[in-house]
Amino acid sequence: MNLYDRYLLPTLIDLLCGIKPVQRQRAKLVPRAQGRVLEIGIGTGRNLPFYDKTRLSELYGLDPALQMHPKALERMHEAGIEVEMLDLPAEKIPMPDASFDTVVTTFTLCTIPDAVAALREMRRVLKPGGRLLFCEHGKAPDASVHQWQNRLTPLWKPLAGGCHLNRDIPALLREGGFHIEDMEQLYLPGPRPLTYNYWGSATAA
Ligand SMILES: C[S@@+](CC[C@H](N)C(=O)[O-])C[C@H]1O[C@@H](n2cnc3c(N)ncnc32)[C@H](O)[C@@H]1O
């Protein structure tokens with residue numbers, strides 16, 4: 001791994017993931033997590049302050065990027081939440097079938113190399129009636145913005161840890177075996193190719 005990816009990128013991602021409009025989205029979604037929870041791509045632990053501790057029985061955080069873990073552990077102590085960290089990719093979740101009440105993914109489906117395989121794994125580990133809570137940026141509805149997303153993604157991806165600007169989040173969720181229960185979408189403040197946001201919940205189709 002090069003020096004940029006090891007040292008600078010975690011700080012940049014943490015800063016971008018901590019801007020106000022993004023924090024507001026976390027506040028709408030993350031408190032809905034309940035029971036035994038798996039967070040996919042936990043990163044630097046930006047969601048940790050937003051969990052409703054009274055609704056959690058256990059929290060697992062999965063992320064293959066070890067360089068993100070120290071900050072996540074710091075936030076775990078600040079939030080007073082125990083997190084079982086798994087330094088593995090979501091395409092192969094090392095957990096039994098039907099073992100979680102909630103799976104959380106925020107700003108991660110853009111980056112996971114095989115997002116459909118990862119979603120199928122999330123579906124597998126959810127209990128019957130369990131929920132996927134998602135908040136993701138992706139394909140904008142305006143053709144001109146989407147064209148810019150397609151043009152910029154090859155340049156953006158190496159700078160942003162593999163992030164794609166143009167992924168069709170609802171289509172990925174469906175291909176991954178989910179039925180979208182509720183979903184809202186809008187441009188967050190900021191450059192339009194980077195900010196089209198989808199959030200809501202999904203259950204196994
Ligand atoms: C933009 S960051 C978002 C971090 C965090 N979810 C948040 O909301 O702040 C994307 C995260 O996806 C993680 N990631 C990359 N590939 C992954 C994979 N195959 N499985 C799970 N997470 C992955 C990265 O390590 C990174 O922490």
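Counting starts at 1 for both ligands and their atoms, following the listed order. It should be emphasised that the depicted structure is a prediction, and the values quoted were computed from it without experimental measurement.
Atom OH of Y7 has 12 or fewer heavy atoms from other residues, nucleotides or ligands within 6.0 Å.
By the 3.5 Å distance cut-off applied to N or O atoms, T106 is counted among the residues near ligand 1. Taking any N or O of E39, backbone or side chain, none lies under 3.5 Å from an N or O belonging to ligand 1. Between D63 and ligand 1, a contact under 3.5 Å exists for at least one N or O pair. The shortest N or O to N or O distance between R26 and ligand 1 is below 3.5 Å.
Protein heavy atom nearest atom 14 (N) of ligand 1, with residue, atom name and distance: P64 CD, 4.1 Å. What sits closest to atom 15 (C) of ligand 1 on the protein, heavy atoms only, is T111 CG2, 3.5 Å. Of all protein heavy atoms, the one lying nearest to atom 12 (O) of ligand 1 is T108 CG2, 3.6 Å.
A distance of 7.0 Å separates CZ in R32 from CZ in R131, rounded to the nearest 0.5 Å. Between H164 atom NE2 and K157 atom NZ the span is 3.5 Å, to the nearest 0.5 Å.
Every atom of ligand 1 with a heavy atom of L62 under 4.0 Å away is listed here by number and element: 21 (C). Every atom of ligand 1 with a heavy atom of A65 under 4.0 Å away is listed here by number and element: 25 (O). The I13 neighbourhood of ligand 1 comprises atoms 1 (C), 2 (S), with distances under 4.0 Å to a heavy atom of that residue. Atom numbering of ligand 1 starts at 1 in the shown order; those under 4.0 Å from a heavy atom of G41 are 4 (C), 5 (C), 6 (N), 22 (N). Below 4.0 Å from some heavy atom of F107 lie the following atoms of ligand 1, by number and element: 1 (C), 2 (S), 3 (C), 8 (O), 10 (C). Numbered from 1 in the order shown, with element, the atoms of ligand 1 that lie under 4.0 Å from a heavy atom of A90 read 18 (C), 19 (N), 20 (N), 21 (C). Residue E91 has at least one heavy-atom neighbour below 4.0 Å for each of these atoms of ligand 1: 18 (C), 19 (N).
Closest heavy-atom contact between N166 and K139: O-CB, 3.7 Å.
At least one heavy atom of P113 lies less than 4.0 angstrom from ligand 1.
No path of Ile, Leu, Val, Met, Phe, Trp and Tyr side chains, each step under 4.5 Å between heavy atoms, connects Y60 with I42, placing them in separate hydrophobic clusters.
Of the possible polar contacts, none joining the R123 side chain to the G176 backbone as a donor-acceptor pair under 3.5 Å is found. Judged by distance alone, the side chain of E91 and the main-chain N or O of A115 form no donor-acceptor pair under 3.5 Å.
Side chain to side chain, N47 and E39 meet the donor-acceptor criterion of an N or O pair below 3.5 Å.
Note: F178 and F134 fail the aromatic proximity criterion, with ring centroids not under 6.0 Å apart.
Y187 and Y196 have perpendicular rings, their planes meeting at more than 60° on a 0 to 90° scale where under 30° would count as parallel.
At a 4.0 Å heavy-atom cut-off, ligand 1 touches C17 through the side chain alone.
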